[in-house]
Amino acid sequence: PRSISSDDDNEFLPMNSEINVPTPHREESPSYWRMRCLMGFPQVAALLIAGVMMGYSLSELGSISATSDSAALRNGNTYHGWGNYGTKEEGSPTTAIAKRSPKDGPGIAWLMSFPNSGTSYTLRFVRDATGSRAGSNYGEEGLYNGVSRPIFEDSPQGPFWIGIEKSLKDTTSGYILTKTHCGMRCGQCSADVYTETPHMFHHRCLSGNRVYEDDKGEIAHGETEYDVELVDKIVHIFRDPFDNAVARFHLNNKRSKKRDSGKDTDVVRESTKEGFLEYCKQTDEKFRQEDEESRFMEDNIYAKIKDVPCYKDFLRYVLWHNAAFTTAMNMEVPVLILHYENYDTKFNETTTELLEFLEQDMTGEIPEFITGKKYRSYFTDKQVQIVASVMEELAYVKTWSQVKHYFV
């Protein structure tokens, strides 16, 4: 079997295909929606209002999560996004999810992941194990005859097929695992930029990019956003936040080597503890003043975490997962929670659960999972305790229930 390192989160890099596939229907490029976090007074007011609304919604999430017999939870790690949140009529069933009829064609199941959480291996596993292609919001990652290929002909804005090997076939039933990183994930930015309302985050979950042929027959690149009604399920994946932070450093190093721009953000460092700490010092200092002055950085939180290497990655991590739970609740779809480390400790159980959720059969080769390095030693015990304290304070109850074991 082919092996994939757990630190390899390059996803699917753009490439040209030699496969002769039918050219998908294309239409003239529209004016794409572009997200910008412009923090004037209207945006601040919107965030404050959204915070109040989110607090109400997540107080419900908290009370549900604290109840072990909650009807919102199904078998093990699977639950309904709408559960007992009061969005369905009383008495609506919460324990049975009907299988998708083959005559309906394939549906979309998001692989909702904070970057470097195991996206690559999860997509690769499903693709190789089923012999079928996966999907992505980011059409530039897999090109067919030089352009992105939409999964649905009547949705040129995505999502798109990835996995161009001739041995793979298009998924025709069940659910297509489709990558989205949503929002709130920039690596080189301050709190004013990565802070987003639930509405903004949700839209970015539906957004991506594509390569297409414009009305002049020339190759063009554009941003995309598709209809939320295309999404039927969600796979929400978690990874140890310390391993995630260091994996993001490794990915930044790979990208810096490729860009070779000479900018201070593209300095290539040794993939060691010393290189990681040097990288964190540079990025932390670059945005420290902006974070100190940001209206979105709580003083007590900043005072606690400011000396932890790459402290912003831990803040983005917990806020991202909070927003992911809110999005699932608002979308009212079934959700499967995966923990990346379970590929190492509970491989058969985890992969079986994933394929059953996607309603896919195992017919192909299983890619070997190679356990990656653990990076807790890059942080002091005191720094680990600080991250735990800050995350517990910021996390929704449902988020904390999924990450607290990383601090035991």
Side-chain angles (χ1 to χ4, degrees), residues 1-6 8-13 15 75-78 97 99-100 102 105-139 141-142 144 149-152 158-182 205 208 230-239 324 333-370 372:
R2 284 173 290 174
S3 61
I4 299 172
S5 168
S6 61
D8 181 13
D9 210 8
N10 275 337
E11 316 305 344
F12 292 83
L13 298 177
M15 60 187 77
N75 300 325
N77 294 323
T78 311
I97 300 177
K99 285 204 169 185
R100 188 177 185 87
I108 296 297
W110 272 348
L111 177 58
M112 183 184 278
S113 64
F114 189 69
N116 295 91
S117 293
T119 318
S120 291
Y121 181 79
T122 304
L123 287 169
R124 180 78 66 176
F125 167 79
V126 170
R127 192 191 70 174
D128 288 3
T130 65
S132 301
R133 295 185 175 91
S136 176
N137 282 15
Y138 315 106
E141 293 182 334
Y144 296 76
R149 184 179 169 218
I151 291 174
F152 305 110
F160 306 93
W161 291 110
I162 53 175
I164 63 174
E165 291 84 344
K166 294 180 181 179
S167 60
L168 298 178
K169 63 182 185 299
D170 290 351
T171 305
T172 57
S173 63
Y175 297 88
I176 303 164
L177 190 64
T178 300
K179 168 185 165 182
T180 178
H181 286 317
C182 300
C205 292
L230 294 178
V231 184
D232 303 289
K233 289 186 174 184
I234 293 173
V235 177
H236 181 173
I237 190 168
F238 287 82
R239 186 181 185 181
V333 296
V335 181
L336 173 67
I337 293 176
L338 290 184
H339 288 89
Y340 184 59
E341 65 272 15
N342 286 348
Y343 285 127
D344 182 39
T345 59
K346 302 177 181 178
F347 184 84
N348 290 338
E349 178 183 338
T350 300
T351 54
T352 298
E353 186 176 27
L354 175 59
L355 291 181
E356 287 180 351
F357 187 73
L358 298 175
E359 299 179 20
Q360 299 290 339
D361 296 322
M362 186 179 294
T363 59
E365 182 182 83
I366 299 176
E368 181 183 1
F369 179 78
I370 298 178

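All heavy atoms count here, side chains included; hydrogens, waters and symmetry mates do not. Sequence positions, counted from 1, serve as the residue numbers for this chain.
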Is there a donor-acceptor contact under 3.5 Å from the side chain of Arg239 to the main chain of Asn116?
-> yes
Can any side-chain N or O of Ser167 pair as donor or acceptor with the backbone N or O of Glu165 at less than 3.5 Å?
-> no
So, do Arg133 and Asp170 sit near enough that their side-chain heavy atoms are less than 4.5 Å apart?
-> yes
Please confirm whether the backbone N or O of Leu123 pairs with a side-chain atom of Lys179, one donor and one acceptor, at under 3.5 Å?
-> no
Would you indicate whether the side-chain heavy atoms of Phe357 and Pro334 approach each other to under 4.5 Å?
-> yes
Taking the six-membered ring for Trp, are Phe125 and Phe347 parallel (under 30°), tilted (30 to 60°) or perpendicular (over 60°)?
-> perpendicular
How far apart are the C-alpha atoms of Gln360 and Thr130, what are their side-chain angles, what is the distance that settles it, and do they pass the side-chain hydrogen bond (donor to acceptor under 3.5 Å, both in side chains) test?
-> CA-CA 7 Å; Gln360 299 290 339; Thr130 65; 5.0 Å; no
Side chain to side chain, Asp128 and Ile366, heavy atoms closer than 4.5 Å | no
Short question: side chain of His181, backbone of Ser113 - any donor-acceptor pair under 3.5 Å?
-> yes
Does any non-hydrogen side-chain atom of Leu354 lie less than 4.5 Å from one of Thr122?
-> yes
Thr119 versus Phe114: any side-chain heavy-atom pair under 4.5 Å?
-> no
Just by modelled atom types, is the Cys205 backbone N or O under 3.5 Å from a matching donor or acceptor in the Thr180 side chain?
-> yes
Under the 3.5 angstrom rule, does the side chain of Tyr121 hit a backbone N or O of Tyr340 as a donor-acceptor pair?
-> no
Is the shortest side-chain N to carboxylate O distance from Lys346 to Glu353 below 4.0 Å?
-> no
